2 protein chains.
Amino acid sequence: MNKKKVPQGTISRLFEYLRELKNLSIINIRTVSSSELGERLNLSDAQIRKDLGYFGSFGTSGAGYNIEELKKALEKILGKDKAWNICIVGIGHLGSALLGYPGFKDHNLYVAAAFDSDLKKVGRTVGNIIIEPIEKIKSIVSSKRISIAIIATPANTAQKVANDLITSGIECIMNFAPIKLDVPENVKVEDVDLSHALENLTYFANNEK
Amino acid sequence: MNKKKVPQGTISRLFEYLRELKNLSIINIRTVSSSELGERLNLSDAQIRKDLGYFGSFGTSGAGYNIEELKKALEKILGKDKAWNICIVGIGHLGSALLGYPGFKDHNLYVAAAFDSDLKKVGRTVGNIIIEPIEKIKSIVSSKRISIAIIATPANTAQKVANDLITSGIECIMNFAPIKLDVPENVKVEDVDLSHALENLTYFANNEK
DNA sequence: TGGTGTGAATGCCTTCACAGCG
DNA sequence: CGCTGTGAAGGCATTCACACCA
């Protein structure tokens, strides 16, 4: 078991492994080798063994990995065995879609609050969540023990919202606004800016053909 | 001017530079140095100079970069001076939100078609786009010269959709489905899987505190 | 003098290759 | 014999450091 820093991409790949293990489990396969798994995911066998190596030894020489065991181990590593409260800030087009997103519960995530600065929206119910005014972030985030926030506001208010969230003790932010948020080191930001992704594509379409 | 392979992250950062240059331009600043720009974006000055160096020399020794000039240069490099047709496949919660997303036109992107496999949805109009049956992908994508597709279908149909898109000559795919698409080398895929981003966050919340 | 452009150094991640184990 | 686990090698991206230029 290696205590060195785990590389960026390793965590994302562990989730891919877990997804694929579930698929294999469904079709009643019991065991898989790193090369079989790699072939299914377009990754090298060495990559997979190395990634797993950061967290322990899960395989059997000559036989590969027991799928049920590895699944359990990965679920533990990745925090899939616990539930998390999340909130969504900014209930525009995107925020509304997220409020209705059925995939959260698959990951043990529960939308515990929603906020918007527009007083016309405040008080409305979407799904079974009441939209709260943005001023209540501080009280609600801490009282409901929300650890993950999704920012779906316009760029110009995102930093202010982030600041409020941080003083309320948020741990993680998923940021849809097209700006780089300035946050302390102990807060993790995951940027999911649609424009950004699209921009990468237009660059490719423009240059690589 | 360097002809070597441009690193992964450089393109994304060029877009950040461009955004920030626009902000500076608005407040009537004419010139910026790599270190000033870096401070605003939380990046090192060397990083910025290196990134720009892949495409040419845009600065003046001792003075920094002329903002208007650099803006124009970046827009050209990044293909922001052209318009692109896109389509959206899978008009569920997410696909509908994307159809209503006002940000596309900011990037010169035009939604030229929408597809869904559910015949109850086919024929409906969202915004001013008629939802077409998924079987028409091949004919419409090529006839309307669509270069970018957004896949917002469930995971189990995403690969099939991708195959259809590829045979129709699509160049770029933005993939919201939680699977790794298998595509030829000349097609660029940008994964924007919400689950994936959320998973990274739960890992952080679980382990780094 | 202040700031660019860029080879060289560093550091991180992936791939290689193989000893060792079941 | 097949496959894991892991040091070593290799490759790619970022950072350093400085010659050179306005």
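This is a predicted model, so every value here is computed, not measured. Computed over heavy atoms, backbone and side chain alike; hydrogens, waters and symmetry mates excluded. Lettering follows sequence order; numbering is per chain, from 1.
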B/S/- contact track for nucleotides 11-18 of chain D, protein heavy atom under 4.0 Å: --SSBBB-

S34(B) side chain near dG3(C) phosphate (N/O to OP1/OP2, under 4.0 Å): no

Atom-to-atom span, CG of N42(A) to P of dT15(C) - whole angstrom: 12 Å

Side-chain (T10(B)) to main-chain (V6(B)) donor-acceptor, under 3.5 angstrom: no

Distance in angstrom units between D45(B) CG and dG2(C) P, rounded: 15 Å

Residue-level proximity of residues 60-76 of chain B to DNA chain C when a heavy atom falls under 4.0 Å: T60(B), S61(B), G62(B), A63(B), G64(B), Y65(B)

I48(A) CD1 to dT4(D) P, straight-line distance once rounded to whole Å: 9 Å

Protein-nucleotide distance (L37(B), atom CG; dG3(C), atom C1'), rounded to Å: 14 Å

D116(B) side chain vs I91(B) backbone, donor-acceptor pair below 3.5 Å: yes

Crowding at NZ, K71(A) (>12 non-hydrogen neighbours, <6.0 Å): yes

NZ/NE/NH1/NH2 to OD/OE distance under 4.0 Å, K80(B) and E199(A): yes

Whole-Å gap separating C1' (dG5(D)) and CZ (F55(A)): 16 Å

Salt-bridge present (D81(A), K76(A); N to O < 4.0 Å): no

Sidechain-backbone polar pair: D45(A) side chain, R49(A) backbone, donor-acceptor under 3.5 Å: no

Backbone N/O of A63(B) and side chain of T60(B): donor-acceptor pair under 3.5 Å: no

Sidechain-backbone polar pair: S168(B) side chain, D164(B) backbone, donor-acceptor under 3.5 Å: yes

Rounded interatomic separation in angstrom, taking CG from L43(A) and P from dT15(C): 8 Å

